[in-house]
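Here is the structure we will look at, set down as structure tokens.
Throughout, protein chains are lettered first and strands after them, A, B, ... in sequence-line order, and every chain is numbered starting at 1. When reading the values below, keep in mind they use all heavy atoms of this one structure, side chains included, and skip hydrogens, waters and symmetry mates.
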Amino acid sequence: MHEMSLAEGVLQIVENTARAQGLQRVTELRLEIGKLSSVEPDALRFCLEVVLKGSLADAAQVEFIEVPGQGWCMQCASDIPVEALFDPCPRCGSYQIEITAGREMRIKDLLAE
Amino acid sequence: MCTICGCGQGETKIEGDAHTHEHPHSHEHTHADGTTHSHAHPHDHDHTHEHAHGLHYGLGPAHAHAPGLSQARMVQIEQDILGQNSRYANANRQRFAEQGQFAINLVSSPGSGKTTLLVETIRRLGTSVPLVVIEGDQQTSCDADRIRATGAQALQVNTGKGCHLDAHMIGHALEKLTLADDSLVLIENVGNLVCPAAFDLGEAHKVVILSVTEGEDKPLKYPDMFHAADLMILNKIDLLPHLNFDVPKCIEYARRVNPKLEVMLLSATHGEGMDTWLTWLKNGVTASRETRKNSIAALTRRVAEMETQLATQ
């Protein structure tokens with residue numbers, strides 16, 4: 001359940017931002033989670049509900065933006081979509097793939113009062 | 001003036017213009033048989049979006065849901081959730097580099113033989129390399145006790161309910177340990193093939209240990225860990241004659257996930273493969289030591305240059 005640590009990381013960033021910008025209450029949060037990151041959005045949503053309780057972001061609406069996996073196939077030198085870390089290149093079947101996107105775990109923005 | 005996007009006079013109707021998120025409106029339909037209906041559709045929107053009402057709200061839409069209420073602000077954050085951990089990890093990494101230490105992070109499922117491998121590694125290295133061990137477990141100091149029994153310095157970190165070590169815990173552990181320059185730092189993570197993959201501790205390499213009693217499809221089932229590691233040790237190979245474990249298949253699966261993964265076959269209890277492993281460790285220790293020496297040499301040179309410059313002024 002490292003989603004708990006991630007949720008605590010989210011709260012920390014939210015609190016730091018609130019302090020710096022004088023925000024009173026956070027009502028919405030948007031997170032970018034890559035399809036190839038080690039995060040299960042449902043588990044993270046559950047942990048966020050627990051962690052944000054009683055904070056300035058209590059009951060904030062959390063939206064996940066899924067970032068699709070992308071890679072660079074070293075064999076056929078092309079940009080390819082990547083569904084899972086162990087998938088071969090859909091063009092040439094090679095496993096020599098460098099992941100270029102989809103491992104993100106970021107807070108994009110928030111809505112506050 | 002609008003405090004959100006800075007738009008000026010004439011566009012200050014944002015508050016007055018604010019809309020509720022219910023948009024009742026009616027449609028007129030004419031059906032194929034010629035009858036005409038009129039429906040009222042209240043639409044409920046529970047998501048945020050930008051409305052084009054002749055105003056460009058940019059990235060900070062005026063989200064006031066009714067006139068007179070204070071406006072909400074959209075705040076750009078664009079920060080990694082694990083950014084704090086990365087900062088601690090970078091501090092650890094810098095500390096290791098300054099002191100010429102070679103740190104590795106041993107990760108695996110529980111029972112793969114990490115501690116046995118460590119005990120055997122320490123026994124064989126003897127006093128040839130100064131080393132410390134940081135042991136991560138949810139509870140007990142059993143593992144640190146086993147390491148200390150070899151005479152090596154060990155520190156137990158109990159994560160409580162936590163499923164992984166993080167860079168902050170390692171930073172504190174490093175403060176408590178007496179680390180000689182050019183040491184080998186062995187970090188044994190919590191037995192868990194999932195969570196520790198996401199947490200950089202500042203180590204030079206993650207080393208994943210997979211025992212042949214676990215099944216060759218583990219790299220596909222837990223790809224994150226095998227993707228994060230630089231070396232896979234296939235442990236307990238002395239048991240292979242008793243098992244249906246397909247070694248080439250396992251390696252093939254692991255390299256599907258991570259084409260650059262190095263692989264070693266080893267038995268910590270019988271000793272096969274231990275020499276290759278110890279050579280790998282010693283090479284790492286030597287490389288870290290050389291890097292420290294080179295940076296000291298570069299600094300000394302720079303200081304000498306500055307002193308010359310000062311003397312000639």
Applying a strict 4.5 Å limit to non-hydrogen atoms, the region of A:E104 in contact with chain B is neither
If one checks every heavy atom of A:L36 against chain B at 4.5 Å, the contacting part turns out to be backbone
Taking every heavy atom of B:C163 against every heavy atom of A:H2, the minimum-distance pair comes out as SG-N, 3.5 Å
Item to complete: For residues A:R103 and B:D224, determine if any side-chain heavy atom of one lies less than 4.5 Å from a side-chain heavy atom of the other.
Response: yes
Q. Any side-chain heavy atom of A:L23 within less than 4.5 Å of one from B:R73?
A. yes
Within the structure provided, determine whether A:Y95 and B:R255 are in side-chain contact (heavy-atom separation under 4.5 Å).
no
TODO: Side-chain contact test, heavy atoms from C-beta onward, threshold under 4.5 Å: evaluate it for A:Q21 versus B:V75 and give yes or no.
DONE: yes
Contact check, side chains of B:E78 and A:K108, non-hydrogen atoms, under 4.5 Å
yes
For residues 74-90 of chain A against chain B, heavy atoms under 4.5 Å, the residues are A:L85, A:F86
Whatever's closer than 4.5 Å to a heavy atom in chain B on A:L11 counts as neither
Okay, B:K260 and chain A: the region with an atom under 4.5 Å from a heavy atom over there is side chain
Okay, A:T17 and chain B: the region with an atom under 4.5 Å from a heavy atom over there is side chain
